[in-house]
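Notes follow once the structure below has been shown.
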Amino acid sequence: MDVHNVELTISAVRPDQYPKDGLPEITLTGRSNVGKSSLINTLINRKKLAHTSSQPGKTQTLNFYRIEDTVYFVDVPGYGYAKVSQKSREKWAEMIETYFAQREETCGVVSLVDARHAPTKLDQQMINFIHYYELPLLVVGTKIDKVPKSKWNKAESQIRKGLHLSGDDQLQLFSSQTRYGKEEVWDWIEKHTM
Ligand code: GDP
């Protein structure tokens, strides 16, 4: 998609704060620092609309970006940042569970993992959670520019295996530096929202 019109519509914690216009939503998840803000900015051709976090783990709201009046990207705060208190973790989990359990506008989830490493336990828990809600899933392996091409197959199978992906789950390697995979991610989003 050629994106011209984007606004950060709403930062929400509770359902009564979510947008009310009924547009389809694509939800983005991943651990802190995985490259989620960079991916959002790459998709919408902006340098820094989505906030690249100088303090990882700080944002604890769902951020709804309204894209071209056709879809919302729902940016879920990153997980796995060590310095977050137990109480914040619980709040985070409650916010995410409430969103997935109630939100009918969700059409699919884009889940980011670092393509350079095996998925973490928390990555796997996030995927289990998405499977539980039976939502269409695109896993994106980020920072692929840092992996030599000869190892891309290995990176893919490491992700598939580590996350126990099913045949229905799609996997796309991605780089916000080279924009590799951008079209494929957009194709998936359009297929599930339009
Ligand atoms: P977030 O916390 O998930 O939103 O991650 P950010 O988008 O803020 O990125 C975290 C760090 O990884 C930043 O230093 C980015 O410049 C870097 N980064 C993000 N995406 C890529 C990528 O595709 N390739 C490389 N080499 N670095 C990336």
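Whatever order the structure lists them in is the order used to number ligands and atoms, beginning at 1. Along the sequence shown, residues carry numbers from 1.
The side-chain hydrogen bond (donor to acceptor under 3.5 Å, both in side chains) pairs that include a residue from residues 136-159 are Asp145-Ser175, where partners are two or more places apart or lie in different chains. Under the ring pair (Phe, Tyr, Trp, His ring centres under 6.0 Å) criterion, the residue pairs touching residues 120-147 are Phe100-Phe129, Phe129-Tyr133, with sequence neighbours excluded.
Set against the non-hydrogen atoms of Ser176, the atoms of ligand 1 under 4.0 Å away are 19 (C), 20 (N), 21 (C), 22 (C), 23 (O). Every atom of ligand 1 is numbered from 1 in the order shown, and the set under 4.0 Å from a heavy atom of Ser38 is 6 (P), 7 (O), 9 (O), 19 (C), 20 (N).
Using modelled atom types, no side-chain atom of Glu97 and backbone atom of Glu94 make a donor-acceptor pair closer than 3.5 Å.
Ligand 1 has at least one atom lying under 4.0 Å from a heavy atom of Ser175.
Surrounding CD of Glu90 are more than 12 heavy atoms belonging to other residues, nucleotides or ligands, all under 6.0 Å away.
For Asp145, a nitrogen or oxygen atom sits less than 3.5 Å from a nitrogen or oxygen atom of ligand 1, counting backbone and side chain alike. Of the N or O atoms in Ser32, none lie within a sub-3.5 Å distance of an N or O in ligand 1. Polar contact check, Ile144 against ligand 1: no nitrogen or oxygen pair lies under 3.5 Å apart. On a distance-only criterion, Val34 and ligand 1 share at least one N/O pair closer than 3.5 Å.
Two residues are said to be in side-chain contact when any heavy atoms from C-beta on lie closer than 4.5 Å; Val139 and Ile159 meet this criterion.
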